[in-house]
Amino acid sequence: MSHYESQVREPLIIGHKTYHDITEDIARPIENKSGKLWWFAFSIALVTFLYGLGCIAYTIGTGIGVWGINRTIGWAWDITNFVWWVGIGHAGTLISAVLLLFRQKWRMSINRSAEAMTIFAVVQAALFPVIHMGRPWVGYWVFPVPNNFGSFWVNFNSPLLWDVFAISTYFSVSVVFWYMGLIPDFAMIRDRAKKPFSKKIYGILSMGWGGKAKHWQRHEELSLVLAGLCTPLVFSVHTIVSFDFATSVIKGWHSTVYPPYFVAGAIFSGFAMVQTLLSVMRKVMHLEDYITRQHIELMNIVIVVTGGMVAVAYLTEFWVGWYSGSRYEDFTYFSPGAAVGPYWWAFWALIICNVLVPGLLWIRKVRRSFFWTFVISIVVNTGMWFERFDIIVINLSRDYIPSGWTMFMPTFVDVGIFIGTNGFFFVLFLLYARTFPAIAQAELKTILKSSGESYKKHHTEDDHHHEH
């Protein structure tokens, strides 16, 4: 009875699975050869990554004048992508840390991939400020390190410097948290490995894990401590990213709604990216019994909630822009001027992708559909990119004096670098899926007797028998 769970709850593991079945299913993609579909996806990702790498090399060799930026819009495509990638990196730690503290069992099938997504997304985000420096070889100057330049020191009053500390801390803690969860699974692969080289590598990665009671005790204690550290980081990192805008004097940016609005938007886009990746991975890696409709629906509920928060923030921004009566507040990213101005297409793309389309998730059939979840998740991430584009480009395109009014058009280098980071992200994710256990099998086994389909049926039959 200690493993009893209400029959109202849907099973989180479907099929008549045993502990051995879980081990076999999780280890199979690592131990078997890659399929044609994996190689096809990897080839496309690698080609786009190499193209983006070429654009980065061209930028460094020539200068950032090859981008579409001008004297008015100095922040454009690159900072848009930076904020977008940081936002995507939020869902992984939220799923792992916050849901672990709240003892949510449904996180166990999706947390590993979400954590990996976080790390790979933060790597992409970190590329853009370094390139934007123009001289990336002196990128270490953003850290307060001893130097030979006399009084040369970083400006601690700048939110851009706060970004450096916030994101590097977030990345470090996320990597440790991710690796901690992998240790028992590395030991499982080590014990099953037949090749001496694989056995050696996974033996080093598992750090001598033996599965003893003391090992598990320390593992669970440290996981809780790291989850406690990660939770405030989830909210602080994107809050600090929002300070890049909120602490400025640019019209449309100096808004107190930005910190909570950015955090809600980050979780909104992050969960959408998790849905995109898991929708593909459950089919390609044959994990349909572990990533079920129940998981998809619960994540969609989070998307609906955070999407509602974002919509309220949009309404607030639009109301302030209109009610203030300030001519400078018009043509900000949420104002009547933006809706009919030269960037009207970006404004309405944002409204359609982030407000109207996610509203379909209120319908239960849509919320539980794998196909529509996949489509809507891509639309949401497109809309969140347009949101960041609108905040930066629309606000900067209309300066305080008409002589500073200008338009931004990206060049092939801007677009190439963005495509390249997407390729790099999927290269890392596909390599991860082939070499690391995609699901935390050790955690999954702890809920088999309470949330496994066959065990729940057994409990139901027992209940009927006792009632009779």
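Computed from a predicted model, the values in this text were never measured in an experiment.
Not a single donor-acceptor pair under 3.5 Å links the side chain of R107 to the backbone N or O of V98. For Y258 (side chain) and T247 (main-chain N/O), no donor-acceptor pair under 3.5 Å exists by modelled atom type. In this structure, the side chain of R434 engages the main chain of P29 through a donor-acceptor pair within 3.5 Å. Under the 3.5 Å distance criterion, the side-chain polar atoms of H90 are matched with a main-chain donor or acceptor of V86. A donor-acceptor distance shorter than 3.5 angstrom exists from the side chain of T231 to the backbone of A227, with no hydrogens or angles considered. With T62 contributing its side chain and T59 its backbone, the two residues share no donor-acceptor pair below 3.5 Å. Of the possible donor and acceptor atoms, none in the side chain of S113 sits under 3.5 Å from a partner among the backbone N and O of I110. The main-chain N or O of V366 is never found under 3.5 Å from a side-chain atom of S369 such that the two would form a donor-acceptor pair. Within the 3.5 Å criterion, the main-chain N or O of T292 finds no donor-acceptor partner in the side chain of Q294. Checking side-chain atoms of W84 against main-chain N and O of N381 turns up a donor-acceptor pair under 3.5 Å.
Within a 6.0 Å sphere centred on CZ of F156, other residues, nucleotides and ligands contribute more than 12 heavy atoms. Summarising the local packing, CH2 of W362 is surrounded by 12 or fewer heavy atoms from other residues, nucleotides or ligands at distances under 6.0 Å.
Once rounded to the nearest 0.5 Å, the distance linking CE of M384 with OG1 of T382 reads 11.5 Å. For the atom pair OG of S223 and CD of E443, the computed distance is 7.0 Å after rounding to the nearest 0.5 Å. Here the CG atom belonging to L100 is positioned 12.5 Å from the CD1 atom belonging to I95, to the nearest 0.5 angstrom. From D414, atom CG reaches atom CZ of F412 across 9.5 Å, with rounding to the nearest 0.5 Å. Rounded to the nearest 0.5 Å, atoms CD1 (I291) and CG (L277) are 10.5 Å apart. For the atom pair T406 OG1 and N70 CG, the distance stands at 4.0 Å (nearest 0.5 Å).
Between W77 and T411, every side-chain heavy-atom pair lies at or beyond the 4.5 Å cut-off. Counting heavy atoms from C-beta outward, I73 and V393 have side chains that approach closer than 4.5 Å. Put simply, the side chain of F408 does not reach to within 4.5 Å of the side chain of T72, judged on heavy atoms. Using a 4.5 Å cut-off on side-chain heavy atoms (C-beta onward), F271 and L94 make contact. In this structure the side chain of K251 reaches within 4.5 angstrom of the side chain of Y400, judged on heavy atoms. Proximity of W372 to L361: side-chain heavy atoms (C-beta onward) are nowhere separated by under 4.5 Å. Counting heavy atoms from C-beta outward, D78 and I131 have side chains that stay 4.5 Å or more apart. Residues E387 and D390 have side chains not in contact (no heavy-atom distance under 4.5 Å, counting atoms from C-beta outward).
Judged by the 6.0 Å and 45° rule, R282 forms a cation-pi pair with F370.
For T373 and N300, the side-chain atoms include at least one donor-acceptor pair closer than 3.5 Å. With 3.5 Å as the limit, one finds a donor-acceptor pair spanning the side chains of Y170 and T93.
Each of F418, F120, F425 was scored for a ring pair (Phe, Tyr, Trp, His ring centres under 6.0 Å) with W85, with one residue passing: F425.
Sorted by first and then second residue, the pairs that involve residues 295-315 and meet ring-ring contact (aromatic ring centres under 6.0 Å, His included), not counting sequence neighbours, are Y261-Y314, Y314-F334. Listed by first and then second residue, the side-chain hydrogen bond (donor to acceptor under 3.5 Å, both in side chains) pairs that reach into residues 121-130 come to none, sequence neighbours excluded.
Taking the centre of each ring, F318 and W322 stay at or above the 6.0 Å mark. For F429 and Y432, the ring centers sit closer than 6.0 Å to each other. Ring centers of F436 and F186: under 6.0 Å apart, within the cut-off.
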